[in-house]
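Input: a single structure, listed below in structure tokens.
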Amino acid sequence: MTPWLRRQRALADYTLASLARRKGKNIALVAVYAIVVFVLASAMFFAASLRLETSAVLRDAPEVTVQKITMGRQDLIDGAVADEIGKIRGVTSAKPRLWGYYYDRIVGANYTVMVPDDPEMIPEPGSVIVGEGIPRARGFKWSGAPLFLSRYEGDLKRFNVARAFESDSALMTSDLMLMNETDFRDFFEIPAGLYTDVVATVRNPNEVATIVEKGSNALPQMRFVTRSDIERTYQKLFDWREGLLAALAAAGILAFVIFAAEKASGLSAEEMREIGILKAVGWDTRDVIAMKLWEGGLVSLGAFLLGTVTAFAHVFFFGAPLFAPILKGWAVIYPDFALAPHVDGLELLTLALLTIVPYIAATLVPIWRVASGDPDAVMR
Amino acid sequence: MIFQTPIMALLLVAGLASLTALWSGGFAVQVLRRWNLADMSRAQLQRERATELVSTLFAAVMLAELAALLLFVFNADRMASLFVGAMCAVGTLNVNGYGFPALYLKIGVFFAAVLWLMLDRADRMGRDYPLTRVKYGVLLAIVPLVLADAGTELAYFLNMHTDVITSCCSKLFTPANAGLANEMASIGPGASLWLLGGAGVFVAATGGFALWRGRGFGLYALASVLMFALALTAVVSVISPYIYEYPNHHCPFCILKPEYNYYGYALYIPLFLGTGLGVGAGMLSLFRSRESLAEKLPAMIRRQVIWSMAGFAGFGLATLYAIASSNLIIFG
């Protein structure tokens, strides 16, 4: 072992013993520190796994969505547009879609109503397939209960529930209701030949930009939304919410920094005596600073580990009950979903910089002030 | 775009580093004007004590800056998904004119801080602090660098607009365009490997000579700089294509991605260490003749040369492994 390593080991050894001598005070410090880490870490882990979840969900979405814009609002689109889009080279398929929202006045929730593309998912006339959130919101007591939908006062339409989706796709299907095309047009009174929008799949993702350009030249009144646009918007949204929470936590960090600086400069008489004795027996200023830095390092390490581990449990085992409303938004029918545990080096490094750097910065000057005093002045 | 946690962390580090630099700069001016070890006044004693604080603060800043450099590149890579046209860190750094200058300044600050810490260590070895004036003169030169780094970084993040269409690394690092990046990419893989090998031999020879004879450290520092430049060129022109197993992809940033097992870190960390220690050895050898350092300093310089050579050897091994384990065949 080199002399340097031996010195560090001896310092660590001494510091641990000295920390253990003032157990109560140090445990309080670590606890407060760990709470700061916990708050930030929870926000970061949660936002990161939401970002991951969205990009996983959007992986199967169509590359391009075409909407008709009339007077700045989205309007019903002619089915013939799909054929025109389909003719652009590079587009694998273009299909018109029928979907919309239905406001259920009984429970005050919005459902997404859709005509499925997959023939296996098309329900029989007069029946619907629903996501797990709808029977939950309606409080269905038994399976097979019919669903009554009312579009306006005095109107009532009956649908049989053919089946409900499993909850493993809850993020996407919780509020979803599938109908067949005839029922849909009848229910929403949409004339034949008109659709909500058109989606196109593209074989080579590098060609999306060119296809959008060609399409908007041919159909200038249409709006083209690409999958990466949607993904970027979600990323930014979650980033922004995470950043906002972190900025709010900054007030907490600041308070903690003041607390730490105060604690480091206002040493107890006993600690002062200890440093005085160390200096009297031959430690120089540098050794005392090194010892104090070890103390700060060990406290930081303990608090960081404690904070991240509890934040991990809070987010991934308990679903982040403390922050979820801010980060994921809310709705009457909110999907029940478990987050996939995911932590990466970037998050840990950011977290370390945001919490440990302020702590070290706050304690360095007080440490130096104590360490550089004369032994007799410190002890007096 | 300032409401992103990694960006907030980076700005926090840059802000604290600037504060430290400003305060240390003020102190440095005082030291340069009034430092006198023979003086027994209270003011001199306080100055001597404050040097401890400056050393500690600077060491802390350097550690934080090292972490910030890693975070800066890592974050640029992750943010690429927010910009149209960006596929890795290059696209994010190209979003506005401040991105690459910010990266270069960060690397500059890192090297400057490493060199300063070596000076500091050497200075504390002598009983009479023989290098104090040199040390604080150098510190004054580092202050503007740290401030420029913080300013550029702030400008970079404030001017980050996601509606800008940026360019991908495959556009920047191709032989077809004009510019330094493309010059690097267009050097033939064979020529670039020969040059790298030559630089390696040069480093080994000068290092061996310096260790054997105890002089020629300046030449070794020069060899380290040469090795650094040629190694980066080789990464762009030949090593990256081997890692990607694709002859036309030259990006030196994509190798840092998880898809390529973070292989880039195995290349860059030893390379940066080797260069920093090598240049530092050359710098320290200027002060070998100082009386109070004559005993300990040569040993420190020797250790640095040995570690520097070990760093370059690590880079060489990582390069050889990348080539040997790749399925790409460029030669033969």
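Per chain, numbering begins at 1; letters A, B, ... match sequence-line order. Everything quoted here is computed from the prediction, not taken from an experiment.
- Classified by interplanar angle (parallel below 30°, tilted 30° to 60°, perpendicular above 60°), the ring pair Phe58(B)/Trp116(B) is tilted.
- For chain B, the option among Pro358(A), Gly243(A), Ala361(A) with the highest count of heavy-atom pairs below 4.5 Å is Gly243(A).
- Residues of residues 46-53 of chain B lying within less than 4.5 angstrom of chain A, judged on heavy atoms, are Arg49(B), Ala50(B), Glu52(B), Leu53(B) in numerical order.
- Aromatic ring centres of Tyr136(B) and Phe27(B): separated by under 6.0 Å.
- The pair Arg232(A)-Asp229(A) meets the salt-bridge criterion, since a charged nitrogen lies less than 4.0 angstrom from a carboxylate oxygen.
- Between Met8(B) and Ala246(A), the shortest heavy-atom distance links the atoms CE-CB, 3.4 Å.
- Looking at Ala60(B), the atoms closer than 4.5 Å to chain A (heavy atoms on both sides) all sit in the side chain, from C-beta outward.
- For Leu346(A), the parts sitting under 4.5 Å from any heavy atom of chain B are the backbone and the side chain alike.
- With a threshold of 4.5 angstrom between heavy atoms, Leu293(A) approaches chain B through side-chain atoms but not through N, CA, C or O.
- For Thr285(A), the part lying near chain B is the side chain, with the backbone staying farther off; criterion is any non-hydrogen pair under 4.5 Å.
- For a residue to count as touching a neighbouring chain, one of its non-hydrogen atoms must lie under 4.5 Å from one of that chain's; by this rule Leu82(B) touches chain A with backbone and side chain alike.
- Heavy-atom minimum distance, Tyr260(B) versus Cys254(B): CD1-O, 3.2 Å.
- Annotation: Trp35(B), atom CH2; neighbour count of heavy atoms from other residues, nucleotides and ligands within 6.0 Å is above 12.
- The aromatic rings of Tyr265(B) and Tyr262(B) sit tilted, their planes meeting at an angle between 30° and 60°.
- Interface remark: of the candidates Leu63(B), Leu12(B), Leu19(B), Leu70(B), Leu12(B) forms the most heavy-atom pairs closer than 4.5 Å to chain A.
- Contacts between Leu57(B) and chain A at a heavy-atom distance below 4.5 Å involve backbone atoms as well as side-chain atoms.
- A donor-acceptor contact shorter than 3.5 Å links the side chain of Asp123(B) to the backbone of Leu131(B).
- Shown here for His342(A) and Asp344(A), the closest heavy-atom pair between the two residues is NE2-OD2, 4.0 Å.
- Glu63(A) places a side-chain N or O within 3.5 Å of a backbone atom of Val202(A) that can act as its donor or acceptor partner.
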